[in-house]
Q: 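Pasting in a structure now, in structure tokens, and then I'll have a few things to ask.
Here the structure is a predicted model, which means the values were calculated and not measured. Chain identifiers are assigned alphabetically (A, B, ...) following the order of the sequence lines, protein sequences preceding nucleic acid strands; residue numbering begins at 1 within each chain.
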2 protein chains.
Amino acid sequence: MTMTYPRLNRDGAEPLWMQLMRALRTRIDSGELGPDQPLPSEAELSDMFSVSRTVVREALRELVQQRLIYKVKGRGAFVSPRKTELRFIGSMSGSADDLRESGRRVTTHTVRQALGEADEREAALLQIPLGEQVVRIRRLRRVDGQPWLLVDTALPARLVPGLERAVLENQSLYDVLRRRYGLEPAAADRWIEAVFPDREDASMLEVSTSTPLLGIESVAWLDDNTRFEAYYALHRSDQTRFYVGIR
Amino acid sequence: MTMTYPRLNRDGAEPLWMQLMRALRTRIDSGELGPDQPLPSEAELSDMFSVSRTVVREALRELVQQRLIYKVKGRGAFVSPRKTELRFIGSMSGSADDLRESGRRVTTHTVRQALGEADEREAALLQIPLGEQVVRIRRLRRVDGQPWLLVDTALPARLVPGLERAVLENQSLYDVLRRRYGLEPAAADRWIEAVFPDREDASMLEVSTSTPLLGIESVAWLDDNTRFEAYYALHRSDQTRFYVGIR
DNA sequence: CCCGCAGACCTGTAATGACAGGTCTGCGGG
DNA sequence: CCCGCAGACCTGTCATTACAGGTCTGCGGG
């Protein structure tokens, strides 16, 4: 197997293992390394990139974590048979953190942000009177430039005064809620279904209207009596599967 | 902080990092180390247990993975606050219980049940050698007569001897595993995606091949080293949405 | 009193060396 | 022809050393 790889940058700006991980992932994503094909051994990779086995193992560990490869003691490391497997952790914001940590570029763009009056669905989810003021936020999240998640959030305006004017670009909404309003979710309920997007949502996510997506409805609570956030998210599970960890 | 810890076993039967990880986890689970309290530093742990920092870091890495601790560069490692932890309420059987409680008739029919040899996917999910004996079970669950869930389960045969001959009709598999083999899941990972069924699965679920379904891949663990059940389930979310509670 | 900085302390990254133990292949004896 | 075993190869585990860079505390100058 002859592969030409970019030389690693040793200025310390980015860890060697992360650069190596990305280099390997590129080959896997591109299909250059097919399912169940072996990667070069740790010793070979160590030679090819002139790094220690420590660096190689760190890079491989990360890829195993991302489920892009699997290792068999005594045999080697192999490309996972499953195709697009990124890690997507529990909460929406948590998952973005994980993706970032795994070396992906995550951006969040706020499409709409406005005050309005709660409709039937929002009133029921947030358990507030019909017509109470809510802040509505529509955001599109991308991973490495690829649309990934479209979220429509509604919050009771009295809990988050001024949020309709806050700058949210590339920030986790939960971080803003915590830092600006001291709101910390204590619990959440989520319901997941498989749906087709309507024309507008499909174009936002850059898929056809016949692509099956995950629809995730969520309500977050401050305590038993206060629901402070409801959202409906459309999730491209062809990009990253929705992950639920149970501990 | 004075802590008495068990001495580590150096006979090679179990890796040192794993023993250390377990020792630390015991303190965390018992509440001896409260939320956001710092663990001893890596150097201290290294001294306390007479192991290299390599071992300590490996143990801590595993605990971070399990989300029991978090680390801050320059400060140390801390116990995760309990409340941010994910608790999963709606397991497959749990949701069936919910449905039953709501007055619906839930039936489970075993379609196939046989011994076989683990393929790549099963081997990777269960972390067993390729070709090891597994028990495979395919079940169809109905709600009020309507197909609702199609589950393909695989379990290492050595953990569940004779399961391929057990009568499972209308029983929760988890109940059988607990009662007959004393197996209790300690944790699980699940990945959810939106997919189309193939022809066979579609006819089982009585939908067309262009109906979007939830595909749920799951691995359940007894402990960090023993994975005892893997399944892939197809779920008709037009019937009941998949529920995830986070507490 | 406040600010800035040195130094202690901590985790992150990296290199190197060593050995255990699982996997595979090919050779040679039966 | 088959079986078993040596040896090559591979990942897993562990120890040691070194330095980078983030965090915190306390001291001293303004």
Q: Spell out, as yes or no, whether a donor-acceptor pair under 3.5 Å connects the side chain of Tyr231(B) to the backbone of Ile137(B).
A: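 No; zero donor-acceptor contacts below 3.5 Å.
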Q: Partner of dG12(D) by Watson-Crick or G-U wobble geometry, both contacts under 3.5 Å, or none?
A: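 The base-pairing partner of dG12(D), which may sit in any strand shown, is dC19(C).
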Q: Quick check: do Val135(B) and Leu115(B) have side-chain heavy atoms less than 4.5 Å from each other?
A: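 Yes; the side chains approach each other to less than 4.5 Å.
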Q: Mapping Asp11(A) and Val51(B) onto DNA chain D by nearest heavy atom, which one lands closer to the 5' end?
A: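 This one resolves to Val51(B).
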Q: Is a salt bridge present between Glu132(B) and Arg158(B), judged by a nitrogen-to-oxygen distance below 4.0 Å?
A: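 Counted as a salt bridge, because a side-chain N and a carboxylate O are separated by less than 4.0 Å.
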Q: Go through the N and O atoms of the side chain of Thr54(B) and the base of dA15(D), and report whether any donor-acceptor pair is under 3.5 Å.
A: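 A donor-acceptor contact between them is present.
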Q: Rounded to whole angstroms, how far apart are CZ on Arg53(B) and C1' on dT11(C)?
A: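 So the CZ-C1' distance, Arg53(B) to dT11(C), works out to 6 Å.
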Q: Side chain of Glu42(A) only, heavy atoms from C-beta on: which candidate in dC10(C), dG12(D), dT13(C) is closest?
A: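 Nearest to the side chain of Glu42(A) among the choices is dG12(D).
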Q: If you check every side-chain atom of Val55(A), which of dA14(C), dG12(D), dC10(C) has the closest atom?
A: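 The closest nucleotide is dA14(C).
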Q: How many Å lie between OH on Tyr70(B) and C1' on dG12(C), as a whole number?
A: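 Computing the Tyr70(B):OH to dG12(C):C1' distance gives 18 Å.
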Q: Return the 5'-most residue of the pair Arg10(A), Glu44(B) with respect to DNA chain C, ranking by each residue's nearest nucleotide.
A: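 It is Glu44(B), whose closest nucleotide lies nearer the 5' terminus.
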Q: Can you tell me the distance, in whole Å, between the CD atom of Gln19(B) and the P atom of dT13(D)?
A: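 That distance rounds to 12 Å.
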Q: Output the rounded distance in Å from CZ (Arg75(B)) to P (dG12(C)).
A: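 Taking atom P of dG12(C) as the reference, CZ of Arg75(B) is at 13 Å.
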Q: Return the nearest nucleotide to the side chain of Pro15(B); candidates are dT11(C), dT16(D), dT13(D).
A: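 Closest of the options to the side chain of Pro15(B): dT13(D).
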Q: Report the distance from atom CZ of Arg57(B) to atom C1' of dT13(C), rounded to the nearest whole Å.
A: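 To the nearest whole Å, that distance equals 8 Å.
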Q: Rounding to a whole Å, what distance do you find between Lys73(B):NZ and dT13(C):C1'?
A: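 Distance check: Lys73(B) NZ to dT13(C) C1' gives 8 Å.
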Q: Please name the nucleotide paired to dG4(D) by Watson-Crick or G-U wobble geometry with both distances under 3.5 Å, or report none.
A: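 Result: dC27(C).
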Q: Could you give the CE-to-P distance, from Met18(A) to dA20(D), as a whole number of Å?
A: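 Going from Met18(A) (CE) to dA20(D) (P), I get 20 Å.
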Q: Parallel, tilted or perpendicular for Tyr70(A) and Phe78(A), by the 30°/60° rule?
A: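 Ring orientation, 0 to 90° scale: parallel.
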Q: For dA18(D), which nucleotide in any strand shown is its Watson-Crick or wobble partner with both distances under 3.5 Å?
A: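 Answer to the pairing question: dT13(C), which forms a Watson-Crick or G-U pair with dA18(D).
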Q: Enter the distance from Leu173(A):CG to Leu163(A):CG here, rounded to the nearest 0.5 Å.
A: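 Going from CG on Leu173(A) over to CG on Leu163(A), the span is 6.5 Å.
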Q: Please determine whether any donor N or O and acceptor N or O are separated by less than 3.5 Å between the side chain of Arg61(A) and the base of dG12(D).
A: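 By the distance-only test, no, there is no pair.
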Q: Just N and O in the side chain of Ser52(B): are any of them under 4.0 Å from OP1 or OP2 of dC14(D)?
A: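 For Ser52(B), the contact criterion (side-chain N or O under 4.0 Å from OP1 or OP2 of dC14(D)) is not met.
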Q: Can you tell me the distance, in whole Å, between the CG atom of Leu60(A) and the C1' atom of dC10(D)?
A: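 Answer to the nearest Å: 12 Å.
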